[in-house]
Protein chains: 2
Amino acid sequence: MAARDAGSGTVDEDRAGRTGRRGQRLNRNRLLETALHIVDQHGVDALTMRRIATELQVDPMTIYRHVKNKDALLDGVVEQLWSQVWPQGPDSEEWKAVLSHLGRGLRDVMMRHPSAGPLLLSRPVLPGSALVVLKHALDVVKDAGFTEQEAATIVRCVSSVALSDSALRVTYELPQRPHNASGEPDPEQLISLTQLLPPDTPPDLVRVAWTICPPLETDDDFGFTLDLIVAGAEHLRNRA
Amino acid sequence: MAARDAGSGTVDEDRAGRTGRRGQRLNRNRLLETALHIVDQHGVDALTMRRIATELQVDPMTIYRHVKNKDALLDGVVEQLWSQVWPQGPDSEEWKAVLSHLGRGLRDVMMRHPSAGPLLLSRPVLPGSALVVLKHALDVVKDAGFTEQEAATIVRCVSSVALSDSALRVTYELPQRPHNASGEPDPEQLISLTQLLPPDTPPDLVRVAWTICPPLETDDDFGFTLDLIVAGAEHLRNRA
DNA sequence: ACCTGAACACCGTTCAAGT
DNA sequence: ACCTGAACACCGTTCAAGT
């Protein structure tokens with residue numbers, strides 16, 4: 001509304017700003033936080049160098065002082081997401097617990113940042129924050145009696161499932177509803193899902209989409225997936 | 001080199017074209033094929049309405065006659081990829097074989113179109129071609145004695161792993177090498193991988209990256225992953 | 001030397017002008 | 001009525017001009 005800000009910048013900018021501490025000196029961390037914030041609120045497509053700049057009240061070119069280019073920026077966001085996976089050191093050295101922790105941690109990140117999922121899956125370069133987490137899991141599984149190749153397969157399996165299980169879902173595009181224990185479709189959600197599919201989709205296939213991508217998966221549901229993988233791993237170990 | 005084409009279009013355009021049958025009447029299928037071709041050869045970022053248009057020797061706006069907008073185009077490419085998963089009807093009704101077939105089919109698509117991986121994982125809407133494949137797997141697994149929820153979890157697990165197992169890898173960014181059975185790093189590939197990681201990555205973490213994302217995975221390696229999931233599923237069934 | 005922002009070569013899509 | 005392509009509102013990034 002007010003046009004007063006249009007004048008040449010003054011020191012006041014350092015502490016003002018409607019939505020908080022906008023005028024702070026820019027650093028890499030604040031840059032990545034803002035980027036992630038934009039992704040969370042408006043989707044990956046809205047993540048634009050120019051948009052970040054206006055969000056930070058900064059010249060677009062200033063961003064390039066903290067990040068080589070847009071690809072590096074996206075890598076930075078991914079790095080930041082992985083760093084959320086293991087906020088505390090692990091308490092247990094039991095391999096099953098460590099795998100569950102890894103799976104749940106990764107999946108929690110996906111649930112907290114649903115729009116960032118594709119980002120996590122499209123950048124093959126593993127940031128250091130990911131390698132630290134994976135190294136621990138790898139070491140614990142190896143110590144439990146698996147070969148290095150087996151351990152790698154198991155850890156990769158848990159990570160893959162945690163990452164793309166949520167990517168396969170449409171949960172966040174459907175209206176949120178209180179969980180319906182019966183497993184029967186909530187009518188309103190079913191309508192929304194139907195509208196997401198091609199209009200000529202036959203009813204039995206709509207039903208398949210509902211079954212494969214149920215909205216609002218309970219934690220136990222994902223627990224079942226983790227149990228399955230851990231049980232499979234143990235079975236293959238006992239066989240050798 | 002020759003500037004002769006610059007004149008007003010003639011009927012000749014319908015059959016000429018340096019690289020083949022460029023002047024054909026455009027239809028949705030040819031459009032999607034060309035789009036996938038561009039993705040395969042130059043990556044997702046190169047997939048541009050304007051680039052497709054020049055590739056097809058067509059006005060950019062003509063594309064919008066076959067596809068609502070760019071998002072719909074991407075959905076179309078994903079639909080086409082899923083339709084490659086099950087080229088023949090299944091011979092077996094045995095649930096383990098069907099799950100393996102699903103996993104391998106999906107993974108083969110990923111291997112054939114490595115750059116398209118992120119695309120498959122970023123479009124939550126499941127195209128009809130995917131639902132058909134998933135429905136069959138779902139039905140067979142249900143008939144094998146699993147509840148619908150269990151069947152859904154198992155099918156989703158296989159799909160997730162097949163999809164993002166390859167997405168986690170960097171294979172296609174490393175120089176291709178004959179497979180090295182020892183599992184020890186090929187020096188040239190190791191150097192390439194190291195350069196992909198942040199320059200200050202400590203050696204033990206480079207090693208983790210190598211272990212988690214080994215280049216040129218053998219088929220047996222993925223077979224181990226599938227066996228693991230199937231064994232886990234059976235274990236959980238026997239328990240109930 | 002550092003920082004800025006005008007300018008460039010794109011992009012997806014609208015829409016008015018042609019047939 | 002259908003088709004076309006000029007024009008619009010963006011985008012990432014370069015680079016010359018400022019301090």
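Just so it is clear, the values below take in all heavy atoms, side chains as well, and ignore hydrogens, waters and symmetry mates. Protein chains get the first letters and strands the later ones, always in sequence-line order, with residue 1 at the start of each.
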Within 6.0 angstrom of Arg112(A) CZ, more than 12 heavy atoms from elsewhere: yes

Between P of dC11(C) and CD1 of Ile63(B), the distance in whole Å: 11 Å

Among dA7(D), dT4(C), dG12(D), the one nearest Tyr64(A) by side-chain distance: dG12(D)

Closest to the Arg65(A) side chain, choosing from dC3(C), dT4(C), dT13(C): dC3(C)

Minimum-distance nucleotide to Thr62(B) side chain [options: dG12(C), dG12(D), dT4(D)]: dT4(D)

Closest nucleotide among dA7(D), dG5(D), dT4(C) to the Arg50(B) side chain: dA7(D)

Asn27(A) atom CG, over 12 foreign heavy atoms within 6.0 Å: yes

Whole-Å distance separating the NE2 atom of His66(A) from the P atom of dC2(C): 13 Å

Heavy-atom check, side chain of Thr211(A) versus side chain of Val155(B), under 4.5 Å: no

Candidates dG5(C), dG5(D), dG12(D) - which lies nearest the side chain of Asp59(B): dG5(D)

Salt-bridge criterion met for Asp71(B) and Arg123(B) (N-O under 4.0 Å): yes

Which nucleotides of DNA chain D pair, in dot-bracket form (Watson-Crick or G-U under 3.5 Å, | meaning another strand): ||.|||||...|||||.||

Whole-Å distance separating the CE atom of Met61(A) from the P atom of dG12(D): 9 Å

Asp71(A) CG to dT13(D) P, straight-line distance once rounded to whole Å: 8 Å

Atom pair CG (Leu134(B)) and OG (Ser129(B)), whose distance is rounded to the nearest 0.5 Å: 9.5 Å

d(CZ, Arg51(A); P, dA9(D)) in whole Å: 18 Å

Gap in Å between the two C1' atoms, one belonging to dT14(C) and one to dG12(D), rounded: 23 Å

Candidates dG12(D), dT13(C), dT4(C) - which lies nearest the side chain of Thr48(A): dG12(D)

Expected output: side-chain Ser164(B) to main-chain Ser160(A) donor-acceptor under 3.5 Å: yes

Value in whole Å for how far the C1' atom of dC11(D) lies from CG of Leu73(A): 14 Å

Crowding at CG, Asp200(A) (>12 non-hydrogen neighbours, <6.0 Å): yes

Nucleotide dT13(D), atom C1' - distance to CD1 of Ile52(A) in whole Å: 14 Å

Out of dT13(D), dT4(D), dC11(D), whichever nucleotide has its closest atom nearest the side chain of Met49(A): dT13(D)

